[in-house]
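Values below: all heavy atoms of this structure, side chains included; hydrogens, waters and symmetry mates excluded. Chain naming here is simple, since letters A, B, ... match the order of the sequence lines and numbering starts at 1 in each. Values in this document were obtained by computation on a predicted structure and should not be read as measured data.
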Amino acid sequence: MSGKGGERGERKMETGIAAVEKVGGRSTVTRCFSKYPLKLIVPNKVGSSKTDAVWIYTLSYGGGIVSVYKSVDSKCSEQVLEARIGRNALLAVIPDPVTCFSTARYSQKQVFRVFSDSNLVIVDWITSGRHESGEKWEFELYRSTNQIFLEEDQPLFLDSVLLEQASTCSIAERMQEYHVIAMVIILGPMLKHVQNQVQDEVKKMMSRHFRVPTPTAGHYMRSESQSGPTRPALVASCSAFGPQAIGVVVRIAAVTTESVYMFLRHHLATLEPFLGVIPYG
Amino acid sequence: MDCDMEEMSADNVKTSPADHLQQWSQWQLLDSILPTGGFAHSSGLEAAVQARFVVGPEDLKFYIIQVLENTGSLLLPYVYCASKFPDVESWFKLDRLLEATLTNEVSRKASASQGSALLRVAASIYVEIPSLKQMRDTYLGSGAASFHHAPIFGLICGLLGFDSSTSQRAYMFITMRDVVSAATRLNLIGPLGASVLQHQIAHVAEQMTKKWMDRPVEEASQTSPLVDIVQGCHGYLFSRLFCS
């Protein structure tokens, strides 16, 4: 496999760059630079040495990119990732979920440029906050933008999720009993079997939860008296996108973080031969 | 060709007795009797009911408000831009962008279906705007365009001479109209109750319109992920009345 890894940074302040290319038949880090507050770590060995893959970990000094602190002076904590994935290459972005603390403001943007035979797995997810402290969707603002462009800047996938406390409806009200939302993107010809499996299984899993309510005469919406099945603890839907349905996106809402870890472990397990280990294993 | 279209819409504004005649076109465009097939879609309400996200009248109101918020944040920029620049080239760019932005397959198909129907109807009705039929003839065969609803709606409003503020408000109105209608057909509420609810929510819809109007498409985002997920589940329903 050959291809480039992640390129990180805004125009003015590039804090890190990494490049992965095929050198002598093996995926090799040909460039790796990072400066404070970002650190890129490339462990020597992750998983089987038979697997041709490079793992790059990102860390941020001061508590991690993944935990987002209170905003000061309404400044927004922002991070940008730009990546180019070469022909027949695979990039997997598989982070832990973002956790925004109360009153935090967080914005991230990830831009991926691919060819029609590039492969991409992106997991992008967020939890409701520090459960121990009773925080539930108390941050001020969270914005996550994921964009995928196909050869010559053709927009393939443009998604932006914006969660902002609003007078009409707080984030907690919108999320109800769900504490985690997640998005998984699976793109590329090498991953067709992963896509098919996810689509089939999500459909099977979700179909159980839908039933036509038994109508009483006229309107059935009388009271809470109908005891019956409750809402699913994990709700998900799957959509194909792009020309020839080259990509699949799964969106998930769940009551517990652990259930999403299980979902990811299960559905991304088939990536093990490509990555050397089971993601979230 | 673009110049001709610009002159044409300028003529429309100049020669028609502005407000009065325009109102007839405006009301017809927003009338539920216009055969655009809007009633085949429930904005995910049917799936929400079957998965017990909407169980009582308060749930219904809350659901509709979230649909309006998502419509405002995600689609209003497309209506805005299309109505401000109602030419075919701009429309086509918006159509391609929205195709990539509607990542939810259910809502993407619903949007294309409603947009196509709206363009077909508008091309037949508004014969004083031949560009509509021309556009349709050009792009229908090639498969290059999806004819998404929001840009088509904005384009037609722009070509009819409506200001962009009215166009955006109108789009929110028809969205609300269609979800409320779906609620009656799902037997969640009676026709009178639905009308009462619609009026009750009107000031919220106006708030949303003001909040999300006049933004560039680069800012389009979704704000109600749960609604999006539930709508995406429409394909998993065993028994269904609606297409989405």
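The CG atom of B:Leu97 sits 6.5 Å away from the CG atom of A:Leu158 when rounded to the nearest 0.5 Å.
Counting only heavy atoms from C-beta outward, the side chains of A:Ser237 and B:Tyr236 approach each other to under 4.5 Å. Side chains of B:Phe62 and A:Cys169 form a contact here, defined as non-hydrogen atoms less than 4.5 Å apart. Between B:Arg108 and A:Phe241, the closest side-chain pair of non-hydrogen atoms falls below 4.5 Å.
With a 4.5 Å cut-off on non-hydrogen atoms, B:Arg240 does not touch chain A at all. Interface residue B:Gln222: backbone and side-chain heavy atoms are both found under 4.5 Å from chain A. Only the backbone of B:Ala220 comes within less than 4.5 Å of a heavy atom in chain A; its side chain stays farther off. When heavy atoms are compared at a cutoff of 4.5 Å, A:Leu156 approaches chain B solely by way of its backbone atoms N, CA, C and O.
Judged by distance alone, the side chains of A:Arg251 and B:Thr103 do bring a donor and an acceptor atom under 3.5 Å apart.
Within 6.0 Å of CD on A:Gln244 lie no more than 12 heavy atoms contributed by other residues, nucleotides or ligands.
Interface with chain A: from residues 227-235 of chain B, residues B:Asp228, B:Ile229, B:Gly232, B:Cys233, B:Gly235 qualify, criterion being any non-hydrogen pair under 4.5 Å. Along residues 194-209 of chain B, the residues that come nearer than 4.5 angstrom to chain A, judged on non-hydrogen atoms, are B:Val204, B:Gln207, B:Met208 in order of number.
Because its NZ or CZ atom is both nearer than 6.0 Å to the ring centre of B:Phe53 and within 45° of the ring axis, A:Arg231 counts as a cation-pi partner of that residue.
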